[in-house]
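Report on one structure; see the data block that follows.
Model, not experiment: these values are computed from the prediction. So that the names make sense, note that chain A is the first sequence line, chain B the second, and so on, each numbered from 1.
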Protein chains: 2
Amino acid sequence: MKHQVNSRLNDIVSKIKKMGYSLTPQRLEIIKIVSESKSHPSAVDVYDKLRKAYPMISLNTVYKNLSLLSSIHEVKEIRTLQNSVHYDGDISLHGHAICEKCGRIIDVKIDESDFKGFFDAKIKENFKENYYINNYGLEFYGLCGLCYKETASD
Amino acid sequence: MKHQVNSRLNDIVSKIKKMGYSLTPQRLEIIKIVSESKSHPSAVDVYDKLRKAYPMISLNTVYKNLSLLSSIHEVKEIRTLQNSVHYDGDISLHGHAICEKCGRIIDVKIDESDFKGFFDAKIKENFKENYYINNYGLEFYGLCGLCYKETASD
DNA sequence: ATCTATATAATATTTATTATTATATAATAT
DNA sequence: ATATTATATAATAATAAATATTATATAGAT
């Protein structure tokens, strides 16, 4: 498990270097935080964690780096309600369940056969001309367990 | 075709009335605009169209009404890049292809069998406990035909 | 060691959205 | 019909996320 996380970190780091970006301590720390996090943090969440190691870090730096990681497709942006962006360091095939009340984001399992059977079919079906797909999103909006209970007992 | 659009409009209008909301001229015009539009307009886009008929309309009124329509699930919110919300008056089963460069949103066809075969399976598989799903989202991010060409010729 | 490019920090600005307040309209009761 | 109450809209102000700008610092190349 730990080994998985580390190889993921190494993947990103080597890609950063290969593409000619420099690996500053701040950048490395940001990469660590998002790649190891399971909680789909916002830029401010990342910023708050960073401040422990780098109290002088600028929020702008966080945004810049998260955008960079997003542009090289090593983190995925998730847009929930209340227009704020969350970042997912797990770029493997999966969807998200987003609670419309509390904003909680839960991973939804999708396996390779799903991709072959559904996503791939949709892409082939809908994009015959030169349309280049490099990412997908699958969301289920609703009420999470806790919020569902609350609503039910109103 | 025209008949389809009108029945859609009537559906929304009667739902508005049934739920006890009043049908003001401004509200009716907003409903018309979003239900007849195929271009996934933003709040400001709707506002600009509205001003032809209602020059004194307030942007806040547009936001309030679009939120209302969204809350009763008669329009769907689409979150693209560059953090702005777009509104889709077509609530039938379909996904979106979103161009990461120009922001263009194109409908992606999904049919009932897809829903039964994929969405339903994912819901059953992932949400065994009391998690209430009332909406879904399916997006393909990439480059549209035009932007793809531009990028290719760089 | 100097020069150049890139990254970060501090600050200011923009933009979308929401909140507040006042006015106007609509619905209901008198 | 008029008064009363609730809801909708308009005008304005405020918030908050993200971006732009500028200055400083760091890293890599010459």
Side-chain angles (χ1 to χ4, degrees), chain A residues 12-13 15-34 40-72 75 77-87 100-101 103, chain B residues 12-13 15-34 40-72 75 77-87 100 103 105:
Chain A
I12 303 174
V13 165
K15 192 171 187 177
I16 287 282
K17 284 181 180 167
K18 201 170 65 185
M19 296 190 82
Y21 300 108
S22 55
L23 188 72
T24 63
Q26 292 95 329
R27 178 164 290 164
L28 178 61
E29 192 63 26
I30 290 169
I31 295 171
K32 272 184 189 166
I33 289 171
V34 286
H40 318 92
S42 69
V44 173
D45 293 336
V46 174
Y47 176 64
D48 288 339
K49 279 190 183 174
L50 261 171
R51 291 168 86 172
K52 283 161 192 162
Y54 297 90
M56 300 307 283
I57 195 86
S58 161
L59 185 54
N60 195 338
T61 302
V62 180
Y63 276 111
K64 280 250 173 81
N65 277 290
L66 290 173
S67 297
L68 173 66
L69 290 168
S70 177
S71 74
I72 64 171
V75 308
E77 298 185 350
I78 311 169
R79 269 150 234 280
T80 64
L81 307 155
Q82 277 72 40
N83 55 290
S84 74
V85 182
H86 291 252
Y87 296 87
E100 291 183 317
K101 201 172 176 191
Chain B
I12 302 175
V13 165
K15 192 171 187 176
I16 286 282
K17 284 181 179 166
K18 199 170 68 183
M19 296 190 80
Y21 300 108
S22 55
L23 188 73
T24 64
Q26 292 94 329
R27 178 164 291 166
L28 179 61
E29 191 64 26
I30 290 169
I31 295 171
K32 273 184 187 166
I33 289 171
V34 285
H40 318 92
S42 68
V44 172
D45 293 335
V46 174
Y47 175 65
D48 287 339
K49 280 191 183 174
L50 261 171
R51 292 169 85 173
K52 285 162 190 162
Y54 296 91
M56 300 307 284
I57 195 88
S58 161
L59 184 54
N60 195 335
T61 302
V62 179
Y63 275 109
K64 280 252 175 81
N65 277 290
L66 290 173
S67 296
L68 172 66
L69 290 168
S70 177
S71 75
I72 64 171
V75 307
E77 299 185 351
I78 310 169
R79 272 149 232 277
T80 64
L81 307 156
Q82 277 69 41
N83 54 291
S84 73
V85 181
H86 291 252
Y87 296 88
E100 290 182 319
I105 304 170

Distance, rounded to the nearest Å, where [X] contributes [atom1] and [N] contributes [atom2]:
X: Lys64(A); N: dT24(D); atom1: NZ; atom2: C1'; result: 13 Å
X: Tyr54(B); N: dT25(C); atom1: OH; atom2: P; result: 12 Å
X: Tyr63(A); N: dA16(D); atom1: OH; atom2: P; result: 12 Å
X: Asn65(A); N: dT6(C); atom1: CG; atom2: C1'; result: 12 Å
X: Ile16(A); N: dG28(D); atom1: CD1; atom2: P; result: 14 Å
X: Arg27(B); N: dT25(C); atom1: CZ; atom2: P; result: 16 Å
X: Gln26(A); N: dT6(C); atom1: CD; atom2: P; result: 18 Å
X: Tyr47(A); N: dA16(D); atom1: OH; atom2: P; result: 15 Å

Categorize [X] for me: base, sugar-phosphate, or nothing, with a 4.0 angstrom heavy-atom threshold over every strand shown.
X: Asn60(A); answer: base
X: Leu59(A); answer: nothing
X: Val85(A); answer: sugar-phosphate

Listed nucleotide nearest any side-chain atom of [X], set [options]:
X: Thr61(B); options: dA18(D), dA7(C), dT9(D); result: dT9(D)
X: Thr24(A); options: dT17(C), dA7(C), dA9(C); result: dA7(C)
X: Ser84(A); options: dA17(D), dA8(D), dA7(C); result: dA17(D)
X: Ile57(A); options: dT7(D), dA9(C), dT9(D); result: dA9(C)

**Request:** Specify the closest pair of heavy atoms between Tyr54(B) and Pro25(B), including all atoms of both residues, with the distance to one decimal.
**Result:** OH-CB, 3.1 Å
**Message:** For Ser22(A) versus Arg27(A), what's the shortest heavy-atom pair and its separation?
**Reply:** O-NH1, 2.8 Å
**Complete:** Sorted by chain and residue number, the ring-ring contact (aromatic ring centres under 6.0 Å, His included) partners of His86(B) (sequence neighbours excluded) come out as none
**Asked** If only atom types and distance count, is the side chain of Ser58(A) paired as donor or acceptor with the main-chain N or O of Asn60(A) below 3.5 Å?
**Response** yes
**Asked** Between the main-chain N or O of Tyr63(A) and the side-chain N or O of Ser67(A), is there a donor-acceptor pair closer than 3.5 Å?
**Response** yes
**Fill in**
Output row for DNA chain C, stems defined as at least 3 consecutive Watson-Crick or G-U pairs under 3.5 Å, is C:1-30 with D:1-30
**Message:** Atom NZ of residue position Lys15(B) - does it have more than 12 heavy atoms of other residues, nucleotides or ligands inside 6.0 Å?
**Reply:** yes
**Asked** Nearest nucleotide by nearest heavy atom, which residue falls closer to the 5' end of DNA chain C, Leu23(B) or Ala43(B)?
**Response** Ala43(B)
**Complete:** Taken to the nearest 0.5 Å, the spacing of Tyr87(B) OH from Asp45(B) CG works out to 11.0 Å
